[in-house]
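Numbering of ligands and ligand atoms starts at 1, following listing order.
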Amino acid sequence: MNIQKIMVIGAGQMGSGIAQVCAMAGFQVILHDMKQDIAEKGLSFIQKQLQRQVEKGKLSEQDKVKTLQRLTPSASIEDAKEVDFIIEAVIEKMEVKTSLFKQLDTLAPEQVILATNTSSLPITEIAAATNRPDRVIGMHFMNPVPVMKLVEIIRGLATSDEVYQQIEDLTKKLNKTPVEVKDFPGFVSNRILMPMINEAIFTVYEGVAEPEAVDEVMKLGMNHPMGPLTLADFIGLDTCLYIMETLHEGFGDDKYRPCPLLRKYVKAGWLGKKSGRGFYQYS
Ligand code: CAA
Ligand code: NAD
């Protein structure tokens, strides 16, 4: 398969980061979201990131312009007919992803691989919504995508060896390091990271310490670049909750029970940095 044109579905923080690294690696990219203004907001976020790199002398003005020329914002799902590879980065809800994959399966040419950037959901179940489960795969980027080296690659039960190899090669072309892991809830990254974040939320919920103190302990005591509550706000508290729910349901073990404070914040619309309020205030 010769990939030249990539469609990224979901122009939120992950989708725009993925679109940016694909365009920087020389691919033509369609950045799709449900509405044109959201797709354009994703593109202007990329513009700002690239401009910052130019100002720091890490990217030439010419390369910035070339990268931006490769990016097209779009609200038309029909664009799936015209691309060589599709990666989905929409909300972390199984019903949203399966309904999208059903639609993509009818639109995209049959040889096209459909990848998902899901943080925790079973690849096998997403693949089963299509008639091409051999060509569905998990390609889990880390946030912020332009900075983080890792991509977890996850095969569904039916993913072919050929498709796995193509995605590993693509990951390397994007200057990332692939690590293959098995299709279990949360894979490796979020099976380990998210219970730590959930436990940090429990320490606040139980009055053990204030958010600032929890973060300071983990930054200064464990050399984490961000404290767990700052990181939770950065990831998005809705995403954190959905991941904990997937772990809880998938393993059936109470140790994965989402903290009630996390649920409360999400119900209040406190989703972290992206909504302006989470454990901290951003505006
Ligand atoms: N988008 C793009 N680039 C960004 C960025 C963003 N949102 N935030 C920071 N950067 C870039 C900066 O431009 C800078 O680039 P250069 O080195 O080329 O100049 C670099 O990152 C470092 O930034 P700063 O000096 O401003 O800040 P920092 O040194 O504090 O680092 C950080 C910022 C890289 C985000 C660092 O705090 C960090 O590593 N945090 C932890 C991130 C992490 O754990 N990510 C994984 C989250 S879990 C996940 O992704 C999986 C999941 O499914 C939930
Ligand atoms: P986000 O809320 O920033 O963005 C999601 C975007 O998807 C929004 O712009 C929304 O309008 C769009 N969207 C929703 N339904 C859609 C549909 N049917 N068609 C087109 N667009 C649709 O979320 P995010 O943080 O970018 O997360 C996206 C995915 O990436 C999730 O599956 C998440 O678990 C995963 N992920 C997140 C992180 C993180 O740190 N936030 C890290 C790795 C993976």
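Salt-bridge formation is detected for the pair Lys274/Asp238: a Lys NZ or Arg NE/NH1/NH2 atom is positioned less than 4.0 Å from an Asp or Glu carboxylate oxygen. Residues Arg155 and Glu180 are paired through a salt bridge, judged by an N-O separation under 4.0 Å between the basic side chain and the carboxylate.
The shortest N or O to N or O distance between His140 and ligand 1 is under 3.5 Å. Considering both main-chain and side-chain atoms, Glu92 comes within under 3.5 Å of ligand 2 through a nitrogen or oxygen pair. Taking distance alone, with nitrogen or oxygen atoms compared against 3.5 Å, His32 stays at or beyond that limit from ligand 2. Polar contact with ligand 1: present for Asn190 (N/O pair, distance under 3.5 Å). Checking only distances, Thr118 never comes within under 3.5 Å of ligand 2, N or O to N or O. Residue Gln13 has at least one N or O atom closer than 3.5 Å to an N or O atom of ligand 2.
A donor-acceptor pair is defined here as one N or O able to donate and one able to accept, closer than 3.5 Å; no such pair exists between the side chain of Lys273 and the backbone of Tyr280. Although no hydrogens or angles enter the test, the distance criterion places a donor-acceptor pair under 3.5 Å between the side chain of Lys149 and the main chain of Asn175. One N or O on the side chain of Asp84 and one on the backbone of Lys5 form a donor-acceptor pair closer than 3.5 Å. A donor-acceptor pair under 3.5 Å is absent between the side-chain atoms of Glu88 and the main chain of Ile9, judged by distance alone. A donor-acceptor pair under 3.5 Å is absent between the side-chain atoms of Asp183 and the main chain of Ile154, judged by distance alone. Using modelled atom types, one side-chain atom of Asp215 and one backbone atom of Leu229 make a donor-acceptor pair closer than 3.5 Å.
Counting protein heavy atoms only, atom 37 (O) of ligand 1 is closest to Met226 CG, 3.6 Å. Ranking the protein heavy atoms by distance from atom 11 (C) of ligand 1 puts Val147 CG2, 3.4 Å first. Shortest contact from atom 18 (O) of ligand 1 to any protein heavy atom: Lys58 NZ, 3.1 Å. Of all protein heavy atoms, the one closest to atom 8 (N) of ligand 1 is Pro144 CG, 4.1 Å. In terms of protein heavy atoms, atom 47 (C) of ligand 1 is closest to Asn143 O, 3.7 Å. Taking atom 36 (C) of ligand 1 as the reference point, the nearest protein heavy-atom neighbour is Pro225 CB, 4.0 Å. Here the protein heavy atom with the shortest distance to atom 2 (C) of ligand 1 is Gln49 OE1, 3.2 Å. With respect to atom 51 (C) of ligand 1, the closest heavy atom belonging to the protein is Met142 SD, 3.5 Å.
At a 4.0 Å cut-off, not a single heavy atom of Gly236 sits close enough to ligand 2 to count as contact. Judged by the shortest distance from any of its heavy atoms, Gln53 lies inside the 4.0 Å radius around the atoms of ligand 1. Residue contact annotation: His224 has no non-hydrogen atom under 4.0 Å from ligand 1.
Residue Ala89 holds the heavy atom nearest to atom 5 (C) of ligand 2 of all those in Gly15, Ala39, Gly10, Ala89. The residue from Ile235, Asp33, Val145, Thr239 that puts a heavy atom closest to atom 10 (C) of ligand 2 is Asp33. Scanning Met139, Met34, Met148 for the heavy atom closest to atom 17 (C) of ligand 2 points to Met34. Of the options Val90, Ile87, Asn190, the smallest heavy-atom separation from atom 31 (C) of ligand 2 is shown by Val90. For atom 34 (O) of ligand 2, the nearest non-hydrogen atom from the set Gly272, Cys240, Ala232, Ser119 belongs to Ser119. Nearest residue to atom 26 (O) of ligand 2 from Met14, Lys93, Glu88, Lys273 is Met14 (criterion: closest heavy atom).
Atoms of ligand 1 found under 4.0 Å from any heavy atom of Lys56, numbered from 1 in the order shown, are 12 (C), 13 (O), 14 (C), 15 (O), 16 (P), 19 (O). Ligand-side atoms of ligand 2 in range of Ile9: 20 (C), range being under 4.0 angstrom from any heavy atom. Set against the non-hydrogen atoms of Leu231, the atoms of ligand 1 under 4.0 Å away are 43 (C), 44 (O), 47 (C). Near Ile38, with a cut-off below 4.0 Å to any heavy atom, the atoms of ligand 2 are 9 (O), 11 (O). Of all the atoms in ligand 2, the ones that sit under 4.0 Å from a non-hydrogen atom of Asn143 are 39 (C), 40 (O), 41 (N). Within ligand 2, the atoms closer than 4.0 Å to a non-hydrogen atom of Gly12 are 3 (O), 4 (O), 6 (C), 9 (O), 26 (O), numbered from 1 in the order shown. Atom numbering of ligand 2 starts at 1 in the shown order; those under 4.0 Å from a heavy atom of His140 are 43 (C), 44 (C). Atoms of ligand 1 lying under 4.0 Å from at least one heavy atom of Ile235, given by number and element, are 48 (S), 54 (C).
The side-chain hydrogen bond (donor to acceptor under 3.5 Å, both in side chains) with Asp169 is formed by just one residue from the set Gln165, Lys172, Lys173; it is Gln165.
Taking a distance limit of 4.0 Å, we find that atom 13 (O) of ligand 1 is approached by some protein heavy atom. Protein heavy atoms all stay at least 4.0 Å away from atom 25 (O) of ligand 1. Less than 4.0 angstrom separates atom 30 (O) of ligand 1 from none of the non-hydrogen atoms of the protein.
At a heavy-atom distance under 4.0 Å, no atom of Met142 approaches ligand 2. If you look at Tyr242 next to ligand 2, there are no close heavy atoms at all, none under 4.0 Å. The side chain of Lys97, and not its backbone, has at least one atom closer than 4.0 Å to an atom of ligand 2 (non-hydrogen atoms only; side chain from C-beta on). By the criterion of a heavy-atom distance under 4.0 Å, neither the backbone nor the side chain of Val145 is placed next to ligand 1.
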Candidate pair Glu152 and Val188, rule side chain to side chain contact (heavy atoms under 4.5 Å, CB included), full reasoning: CA-CA 8 Å; Glu152 268 187 317; Val188 169; 3.4 Å; yes
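Between the side chains of Glu92 and Ser120, at least one donor-acceptor pair of N or O atoms lies under 3.5 Å. Counting only N and O atoms by type, the side chains of Glu55 and Gln51 include a donor and acceptor under 3.5 Å apart.
At most 12 non-hydrogen atoms from other residues, nucleotides or ligands lie less than 6.0 angstrom from CG of Leu157.
Taking the side chain as every heavy atom from C-beta outward, Tyr242 and Leu121 never approach each other to under 4.5 Å.
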